[in-house]
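Note that the coordinates shown come from a computational prediction; the quantities given were computed from them, not determined experimentally. Every number for a ligand or one of its atoms is a count from 1 in the order of the listing.
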Amino acid sequence: MYKTFAAIATPLGAGAISIVRLSGPNALCIASKVFTSSKLNTFSNAIPNVMYLGTIFCDGFNDKCLAVYFKGPHSFTGDDVVEFQCHGGVRLTSEVLKTLLSNGASIASRGEFTRTAFLNGKLSLSEAEGIVEMINSENIASLNAGYRMMSGHLNKSITEINKIILDITASLEASLDYPEEMEDEVRENLESSLKSIDSAVSKILSTAQLGRIINNGINVAIIGEPNIGKSSLLNAILGKDRAIVTDIAGTTRDTLEERVEYNGVFINFIDTAGIRSTIDTIEKIGVDKAFESAKSCDIVVMMMNASTPVSSIEKDILSKFDNKLIIKLYNKSDIAVLDHCVDGITISARDKTGIESLLAKISSMFISGDVDLSGDILTNFRHIDSLIRANTSIKSAIIGANNCVPSECILIDLRDCYLALGEITGATASEDIIDKIFSKFCLGK
Ligand SMILES: Nc1nc2c(ncn2[C@@H]2O[C@H](COP(=O)(O)OP(=O)(O)O)[C@@H](O)[C@H]2O)c(=O)[nH]1
Ligand SMILES: [Mg+2]
């Protein structure tokens, strides 16, 4: 027997309104015990999806509130749901919840509403995870990725791949039953069918790097010789005096990280100590940290002077980052711009010119026109992990098909691939995985 549970769905605190919701077979019955509206004899007669203004009777006080009934299965959870929009406030909202509990509801656990929706087949696991991604998003790109996941984009792609796996599995199994009639033909087409699965899985997996960037941003280290204008650039980008700027070489000793949002994506700028050989112990640590930041970041911005030739120290620094994405940035263009600057971007941190071109360049190195932002983008580590396992299994199946390995062994790889992919949608996810996912949800979700 399903239970009826209740929770506060909005953050607990002083606010204009709070939403308290109830889901389960007794939702309407419990609601009609505590809520009345002049429009109805009893709330049991409420028309689904209609909002009623009325009174909720709590222990020691009443509140004027709105109530709406969503009749299962046409509700978020798939069961009967009643939502109350009462006034906000910690005590008021808690008392409304207490009233529902004392009238027969039990308290919902974390994610219980969404878990019920999943168990009732209203959404897949990845769609449920899309909701969490949207709630936790801090930038527009991540909101969009969460929205696509919540709307079933990834679920559809994975379900389609698994359908093909099932078709191949069925013909391989049939060929084992009728080897003389079918085996040659099935084995002949096997490799190309497996390769199409491999390329579909790899295509989704290849978006993981973009997904990381969407969640965490592009890490950009600004490096260069002292006094070139690195800290001035950080300040110009942020539009405020964050870093100390002086004409004394060696002013910045530690790395300093600040984030801006550009085209919906975070760019994390790391201002570093100017690179030079120094006997100052603290500055030397700063120079080492500058190199470390540059090695671990996504893009190195090497700042040089637009009005003077590239120095031998700068050539030496550049040569250390041959294998990285690097932007040559020529600063102090307000003084002069020499011809060699054509291989980079010219700016004046002092006059705040060229900043937009730099941001656009950084963004275009990751979010270029050929990146399909409306397609699947893997932003969830659990999905990446499942796809990596699916990828390993399908590659093993291809090797098997190539080397005349018995069909029984290929079937094992295909099954592993199917199971790994099914964990994403929830079709093959174990109770443990499901528990773990919903335990990360907030109360009332
Ligand atoms: N003329 C000119 N001076 C600049 C520009 N950017 C920075 N400076 C000056 O260069 C000096 C060093 O700047 P700073 O940002 O501290 O350089 P950092 O050591 O590379 O961080 C300061 O006196 C700045 O005012 C620029 O675009 N044009
Ligand atoms: Mg500095």
Side-chain angles (χ1 to χ4, degrees), residues 217-260 262 267-321 324-363:
I218 308 170
N219 295 325
V220 179
I222 311 166
I223 62 164
E225 288 194 83
N227 261 348
I228 204 79
K230 301 179 292 301
S231 299
S232 303
L233 170 65
L234 184 77
N235 290 345
I237 292 167
L238 297 175
K240 62 178 182 192
D241 285 342
R242 173 68 182 85
I244 302 171
V245 171
T246 72
D247 55 3
I248 305 163
T251 304
T252 309
R253 292 166 159 230
D254 208 349
T255 50
L256 200 78
E257 189 170 333
E258 285 290 333
R259 156 179 283 194
V260 289
Y262 183 78
I267 306 179
N268 308 312
F269 283 100
I270 307 149
D271 179 23
T272 63
I275 296 172
R276 64 169 175 177
S277 49
T278 171
I279 50 159
D280 182 307
T281 320
I282 300 170
E283 194 185 349
K284 193 170 177 321
I285 295 171
V287 173
D288 290 345
K289 275 180 122 180
F291 272 112
E292 269 167 42
S293 301
K295 275 186 198 136
S296 60
C297 69
D298 299 305
I299 298 178
V300 175
V301 167
M302 172 67 191
M303 188 182 260
M304 293 170 282
N305 197 324
S307 64
T308 57
V310 177
S311 73
S312 59
I313 295 175
E314 286 168 336
K315 283 183 187 151
D316 188 44
I317 299 171
L318 279 168
S319 71
K320 289 193 166 64
F321 297 104
K324 284 212 73 109
L325 289 177
I326 191 150
I327 297 174
K328 292 182 185 173
L329 190 68
Y330 296 102
N331 190 32
K332 309 198 184 184
S333 63
D334 49 283
I335 300 171
V337 179
L338 301 187
D339 287 349
H340 70 272
C341 298
V342 289
D343 66 350
I345 297 171
T346 306
I347 65 159
S348 165
R350 192 193 72 179
D351 296 351
K352 299 185 175 58
T353 56
I355 310 288
E356 173 75 22
S357 313
L358 173 65
L359 297 177
K361 174 74 184 168
I362 292 168
S363 160

* Structure fact -> Closest to atom 16 (O) of ligand 1 by heavy-atom distance, out of Thr252, Asp351, Thr246, is Thr246
* Under 4.0 Å to a heavy atom of Lys230 - the qualifying atoms of ligand 1, by number -> 15 (O), 17 (O), 18 (P), 19 (O), 20 (O), 21 (O)
* Asked: Checking Ser296 side chain against Glu292 main chain: does a donor-acceptor pair fall under 3.5 Å?
  -> yes
* To do: Report yes if Ile244 has an N/O atom closer than 3.5 Å to an N/O atom of ligand 1; otherwise report no.
  => no
* Using a distance-only test with no angle check, is there a side-chain donor-acceptor pair under 3.5 angstrom linking Ser293 and Thr255? -> no
* **Pairwise side-chain contact, Met303 with Ile347, heavy-atom cut-off 4.5 Å (strictly under)** => yes
* **Any Glu258 side-chain heavy atom under 4.5 Å of Ile237 side chain** => no
* **Asp298 (side chain) donor-acceptor with Ile218 (main chain) under 3.5 angstrom** => no
* For atom 14 (P) of ligand 1, what is the nearest protein heavy atom, given as residue, atom name and distance? -> Ser232 OG, 3.6 Å
* Asked: ring pair (Phe, Tyr, Trp, His ring centres under 6.0 Å) with Tyr330: which residues, sequence neighbours excluded?
  -> His340
* **Closest protein heavy atom to atom 8 (N) of ligand 1, given as residue, atom name and distance to 0.1 Å** => Lys332 CE, 3.8 Å
* Between Asn331 and ligand 1, which part of the residue brings a heavy atom under 4.0 Å of the ligand: side chain, backbone, both or neither? -> side chain
* Asked: Which heavy atom of the protein is the closest neighbour of atom 17 (O) of ligand 1, given with residue, atom name and distance?
  -> Gly229 N, 3.0 Å
* Asked: Name the one of Thr251, Thr252, Asp241 that satisfies side-chain hydrogen bond (donor to acceptor under 3.5 Å, both in side chains) with Ser231?
  -> Thr252
* To do: Specify the protein heavy atom at minimum distance from atom 24 (C) of ligand 1: its residue, its atom name, and the distance to 0.1 Å.
  => Val245 CG1, 3.8 Å
* Does the side chain of Asn268 pick up a donor-acceptor pair with the side chain of Arg259 at under 3.5 Å? -> yes
* To do: Heavy-atom contacts with Ile335 under 4.0 Å: which atoms of ligand 1 show up? List them by number with element.
  => 1 (N)
* Structure fact -> Atoms of type N, O or S from protein under 2.8 Å of the Mg ion (ligand 2), total 2
* **pair Ile270-Leu234: side-chain heavy atoms closer than 4.5 Å** => no
* To do: Please examine the side chains of Asp271 and Arg242, heavy atoms only from C-beta on, and report whether any two atoms are closer than 4.5 Å.
  => no
* Examine ligand 1 and decide if any of its atoms is less than 4.0 Å from a heavy atom belonging to Thr251. => no
* What is the nearest protein non-hydrogen atom to atom 19 (O) of ligand 1, stated with its residue, atom name and distance? -> Asn227 N, 2.9 Å
* Lys328 versus Leu318: any side-chain heavy-atom pair under 4.5 Å? -> yes
* Would you check if Arg276 and Ile313 make a side-chain contact, meaning some heavy-atom pair closer than 4.5 Å? => no
* Which residue holds the protein heavy atom closest to atom 23 (O) of ligand 1, what is that atom called, and what is the gap in Å? -> Asp247 CB, 3.5 Å
* **atom 1 (N) of ligand 1: nearest protein contact (heavy atom, Å)** => Asp334 OD2, 2.8 Å
